[in-house]
Amino acid sequence: MAKVTLSGVSKTYAKNITAVQKINAEITDGEFVVIVGPSGCGKSTLLRMIAGLESISSGDIFIGDTLVNELEPAQRDVAMVFQNYALYPHMSVFENMAYALKIRGIAKNKIKLRVAQAAKILEIEPLLKRKPQALSGGQRQRVAMGRCIVRDPKLFLFDEPLSNLDAKLRHQMRLELKKLHHRLKTTSLYVTHDQVEAMTLGDRLIVMNQGKVEQIGSPIDIYQKPATIFVASFIGSPAMNFIEGILKPEENNVNCEGLGKVSLGEVNLHNPIEQGVTIGIRPEHIIIDTPDAINSFTLPVALIETLGADSLLHCGGFDPTQPAITIRLAGIQPFKIGTPISFSIPMEKIQLFNNKTGKNILPNVNAM
Amino acid sequence: MVEKRSWLDYLAHFFLLFGIGLMLFPVYVAFIASTHTMPELMTAPMPLLPGDKFIDNYWQVLTGHNLAIGAPVWQMMANSLVMALGITFGKITISLLAAFAIVYFRFAFRMLFFWLIFITLMLPVEVRILPTYQVVASMGLLDSHVGLILPLIASATATFLFRQFFMTVPNEICEAARMDGAGPIRFFFDILIPMSKTSIAALFVILFIYGWNQYLWPLLVTTQEDYYTILIGINRMLAVSDEVPQWPIVMATTLLAMIPPVIVVVLMQRQFVRGLIDAEK
Ligand SMILES: Nc1ncnc2c1ncn2[C@@H]1O[C@H](COP(=O)(O)OP(=O)(O)OP(=O)(O)O)[C@@H](O)[C@H]1O
Ligand SMILES: [Mg+2]
């Protein structure tokens with residue numbers, strides 16, 4: 001186990017494609033950190049640089065206190081689970097798991113013991129004699145994990161390990177991964193583009209976009225105080241509502257076209273000048289209530305999605321000047337399409353982003 | 001499944017049987033000829049049932065007395081076997097290594113080397129046979145097993161096939177091996193070769209038959225009967241001056257010459273077919 005330090009790590013591929021730009025991050029010993037971001041944002045590249053499979057264009061990577069920039073993957077003492085598992089097809093499950101140990105010249109009986117232990121943890125003992133072809137996706141996943149566990153490395157790396165599984169199995173494996181981490185407490189870096197996986201698995205998240213880090217923080221932090229409009233839109237499902245308007249600092253409100261004035265209450269903004277801003281409010285934070293509450297507005301219902309446990313009310317958006325807002329309500333709702341509905345936006349739940357920089361301009365946001 | 005048999009089915013079977021008959025009849029005639037004495041064979045009509053000289057003829061062929069040439073057939077078969085196996089193993093080894101280098105290593109002029117190998121595909125052995133002969137002769141390798149094998153070992157076709165196969169091996173397998181601590185040599189022997197097993201088996205069959213049937217090259221480099229291959233032997237038996245070839249002996253030799261390739265094909269048939277239709281994923 002070890003901490004991992006990334007300092008100014010960049011990757012430029014041939015033809016000046018910059019996949020990863022100046023990443024700084026510190027992963028503490030035993031932490032489970034999830035790197036999350038949309039497809040093509042450089043997550044895999046970053047992970048592969050840490051693994052040693054990709055050269056580092058600039059910056060330094062430390063595992064523990066060792067600078068690993070020039071070390072071969074095997075010398076870094078890290079283990080990786082690949083998206084397609086990359087099990088050796090001609091070897092049995094046992095041989096797959098034992099291979100790394102065999103190369104290190106560990107005694108046969110010790111190898112047997114360690115593989116048996118790992119197999120027990122992952123509940124794949126009955127499969128040890130089989131070839132990967134004779135396994136289901138979930139079982140292969142476990143074997144790939146077993147191959148990492150037996151090595152007892154300083155660091156686990158996962159590159160979208162669950163994305164080839166169906167929804168139910170993914171959920172189950174997610175829970176097992178979490179249990180496994182509680183048990184082994186090995187520092188782990190986990191790449192995914194699935195925000196649910198990110199929120200549920202990570203002690204902390206690194207949200208990436210276009211090769212850059214947008215925000216690093218605990219899932220709650222990132223959910224409650226997104227540093228940029230990108231993070232706000234990427235994390236949370238259904239996505240946060242965004243309403244554009246003009247900030248009036250002296251009145252402490254935002255004038256939104258098609259909706260009216262949204263009061264912010266008493267806040268100390270970063271740069272309190274009149275400027276174009278975007279209000280962010282999560283669908284689950286909007287309250288349906290009487291028309292006389294603060295920040296109360298009325299929009300007609302456009303569509304209702306009933307999910308069972310809750311319903312999504314899509315309101316407004318009937319013409320370009322009218323904002324479209326999604327409201328999440330518990331249970332099954334009796335509203336009819338077309339009827340106007342009154343809702344209020346609680347001041348304390350509002351996020352405020354500068355339109356030019358995309359940054360959150362509320363205080364107490366730990367931006368990058 | 002539809003159980004109805006149409007006349008088309010019968011027609012198809014008829015043609016298949018006809019084709020098989022067409023293929024097997026000469027072999028059958030060869031067998032018949034190898035069980036008669038020469039005078040019996042020369043009478044018209046030619047006999048179409050086995051005679052009683054089976055043991056005599058084959059004994060004579062194998063032990064080698066009274067043949068038109070000095071070497072017994074078993075020795076020629078041994079020579080052929082050495083050559084065929086030498087070529088097969090040599091070609092497979094060299095092509096595996098060449099393909100490994102081309103696919104997995106980034107070295108200067110990599111593509112140039114690949115194209116050089118690829119271009120030699122277009123040059124048949126006959127084109128380069130004279131210079132090759134010159135080289136082999138000046139190395140003093142005429143009339144030796146090494147001389148028989150060495151010039152035929154380089155193979156663009158096999159290199160190309162292995163290259164294609166290696167490119168279908170997912171990159172992650174190589175990366176996983178690197179993370180497990182396997183260097184290039186370990187990766188090659190522990191992972192790549194076992195994964196290429198079926199391709200190797202298919203090539204083994206093809207190359208063994210190719211090696212066994214080599215004719216022109218052995219004809220050039222062997223002058224001593226000790227180094228004759230079976231094909232050269234048969235040729236020499238036919239090329240007797242001033243008399244009729246000993247057909248029963250020639251036919252017996254021919255049938256014996258068929259046995260090793262047949263054994264290889266039969267033994268490796270399953271891997272062979274699998275290697276041709278799918279590369280084990
Ligand atoms: N070998 C390469 N050569 C050139 N560009 C590359 C190479 N590998 C990746 N890229 C580019 O680098 C960027 C980041 O790729 P990367 O694979 O890290 O994305 P990712 O975040 O893992 O995406 P995904 O979620 O789809 O896996 C992409 O724009 C990609 O096109
Ligand atoms: Mg990726």
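Source: prediction; values computed, not measured. Letters go in sequence order (proteins before strands), and every chain restarts at 1.
Of residues 171-186 of chain B, those residues with a non-hydrogen atom less than 4.5 Å from any non-hydrogen atom of chain A are, in numerical order, B:E172, B:I173, B:E175, B:A176, B:A177, B:R178, B:M179, B:D180, B:G181, B:A182, B:R186.
Ranked by heavy-atom pairs under 4.5 Å with chain B, the list A:P132, A:A74, A:A100 is led by A:A100. Annotation: maximal heavy-atom pairing with chain B below 4.5 Å, among A:R76, A:R48, A:Q75, A:Q83, occurs at A:R48. Of all the listed residues (A:R104, A:M91, A:K102, A:R147), the one sharing the greatest number of non-hydrogen pairs under 4.5 Å with chain B is A:R147.
Surrounding CE of B:M23 are at most 12 heavy atoms belonging to other residues, nucleotides or ligands under 6.0 Å away. Heavy-atom contacts from other residues, nucleotides or ligands closer than 6.0 Å to CZ of B:F18 number 12 or fewer. Around NZ of A:K112, the count of heavy atoms belonging to other residues, nucleotides or ligands within 6.0 Å does not exceed 12. In B:H13, the NE2 atom is not crowded: 12 or fewer heavy atoms of neighbouring residues, nucleotides or ligands sit closer than 6.0 Å. In the displayed structure, B:F107 atom CZ is contacted under 6.0 Å by more than 12 heavy atoms of other residues, nucleotides or ligands. More than 12 heavy atoms of other residues, nucleotides or ligands sit less than 6.0 Å from atom CD of A:E54. Within a 6.0 Å radius of CG in A:D65, other residues, nucleotides and ligands contribute 12 heavy atoms or fewer.
In this structure, B:D190 and A:Y88 have side chains that are not in contact, with every pair of non-hydrogen atoms separated by 4.5 Å or more.
With a 4.5 angstrom heavy-atom cutoff, A:V81 does not touch chain B via any of its atoms. Heavy-atom distances place no part of A:L101 under 4.5 Å from chain B, backbone and side chain included. Proximity to chain B is limited to the side chain of A:E72, based on heavy atoms less than 4.5 angstrom apart.
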